[in-house]
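Accompanying notes for the structure given below.
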Amino acid sequence: MSPLLRTMAMASLLAAALPATPLFAAEVASSSGQSQVMAGDFGPPQGAPIEEKLVDPPGVPAPIHRNYPARVIVRMETREVVKEIADGVRYDFWTFNGSTPGPLIRVREGDTVELHLRNDPASHMTHNIDMHAVMGPGGGAVSTATAPGHESVFTFKALRSGVFVYHCATPPVPMHIANGMYGLIVVEPPQGLPKVDHEYYVMQGDFYTTGTYHEPGLQSFDMQKLLLEQPTYVLFNGREGSLSGDNALKSKVGDTVRLFVGNGGPNLVSSFHVIGGIFDDANVEGGTLVNHNVQTTLVPAGGATMVELSTPVPGTLLLVDHSITRAFMKGALGEIRVSGPARPAIYEKGPSTRFASKSRQVPQTSVALGAGDKMADGKRVFTQICSACHQGNAMGLPGAFPPLAMSDYLNADPKRAISIVLHGLSGKITVNSTGYESVMPTLGQQLSDDEIANVLTYVLNNFNNKGGTISASEVKAARAAGPAK
Ligand SMILES: [Cu+2]
């Protein structure tokens with residue numbers, strides 16, 4: 001038997017076993033009149049056309065259980081909407097269906113997709129869509145170019161399974177993408193995807209605003225930053241906090257989670273990682289090659305991946321771009337909150353003990369220092385410890401460390417600072433009308449009562465603060481009282 005005949009015989013055997021799902025492609029006539037096999041083509045769509053039910057990210061449409069190719073109708077609208085990009089910071093997003101990313105589209109390999117693209121009459125721009133799941137010029141971009149108040153229709157057959165990016169490709173393309181015009185289309189293989197307990201949709205993008213990170217108010221697009229590829233924000237799902245707190249992704253102890261992860265760019269490549277998780281499966285670059293036990297997977301700009309992870313213990317896992325500055329200083333942070341009973345056999349925190357108390361020279365009751373010596377000691381502590389974060393001039397660093405210089409927060413309640421140095425500080429605070437949400441570590445174990453009193457007194461009497469004195473006995477009392485509840 002010739003290899004071609006053998007292939008065809010196998011195909012018909014498989015077709016007999018799975019009547020409606022030939023794993024091998026149907027034959028199509030080529031231009032030369034000879035028949036050729038087109039992988040992914042299972043023939044014309046069958047049954048009634050299906051209206052795709054689109055949901056807002058991070059939601060995804062339900063898995064497909066069909067075993068035949070269908071005509072799937074997808075209706076999308078491009079909209080230009082002003083929304084928050086971070087708390088108190090607004091941005092004029094250009095979107096598919098009002099969200100960044102646009103909705104996740106889910107079809108089956110061999111489906112015929114009939115895409116209706118409307119452009120909101122209120123839009124200022126023409127928009128279109130380039131789907132990476134399309135085989136043909138521009139991924140459909142030219143066929144879908146749509147002026148405000150118009151609708152265009154474009155039909156293609158999804159011949160390859162995988163996770164694909166779609167995006168607007170209207171010039172200037174980088175600007176349309178930077179303003180949020182991208183999303184994912186998942187083409188399921190004929191046999192479907194393995195069953196999991198939770199599925200979510202996460203897409204990274206880099207944003208370029210004229211203002212600095214967290215600068216409040218309406219921010220406009222900054223072409224210069226785009227050209228330099230220096231984004232102000234790097235975000236999951238188009239807004240800082242879109243996957244945190246009340247918006248966190250959820251799982252339960254013992255469950256499995258699948259993430260469809262895309263990267264719209266326009267410029268940065270993502271080192272996608274889940275802090276506290278390992279990807280049991282990672283579909284490399286969104287294709288069919290599955291890698292296992294992966295810690296960090298690369299998601300190129302205009303690329304995607306599909307990862308699955310187990311959540312065996314309760315707690316919060318963090319989604320990050322492990323080019324970690326972007327996570328902690330430009331917004332690329334999300335959460336998976338896992339609920340359920342603790343499993344100490346897998347994860348257990350032991351008691352914390354102090355082992356260096358005797359050997360370390362902490363002058364807890366030193367000879368009483370004069371005022372000048374106290375100030376000198378405070379300056380030493382400030383330079384050795386506080387300046388690492390709050391900076392030598394105490395001005396702090398935007399988006400990361402609040403200033404201690406002229407700090408309205410410090411001056412409003414200097415005694416509160418005792419507890420901050422002793423026990424650390426986390427959560428949202430506002431200093432000189434700028435918000436900070438970061439973590440100051442506990443320093444009470446490495447600094448004596450005298451050192452804390454001296455450094456706070458030093459800070460209060462320098463850097464244009466309002467003055468005042470903190471005594472070692474006040475620190476001692478605060479230490480004994482323990483952290484505020
Ligand atoms: Cu556009």
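Nothing fancy with the numbering, it's 1 onward along the sequence. First listed ligand is number 1; within each ligand, the first listed atom is number 1.
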Taking the ring centre of each residue, are H167 and H176 less than 6.0 Å apart? no
Do Y166 and Y182 have ring centroids that are under 6.0 Å from one another? no
Taking the six-membered ring of Y68, is NZ or CZ of R108 closer than 6.0 Å to its centre and within 45° of its axis? no
Minimum side-chain heavy-atom gap K252-T311 below 4.5 Å: no
Hey, is R326 close enough to D321 for a salt bridge, meaning N to O under 4.0 Å? yes
At a cut-off of 2.8 Å, protein N/O/S around the Cu ion (ligand 1) gives H127 ND1, C168 SG, H176 ND1, M181 SD
Do K157 and E109 meet the salt-bridge criterion of a basic N to acidic O distance under 4.0 Å? no
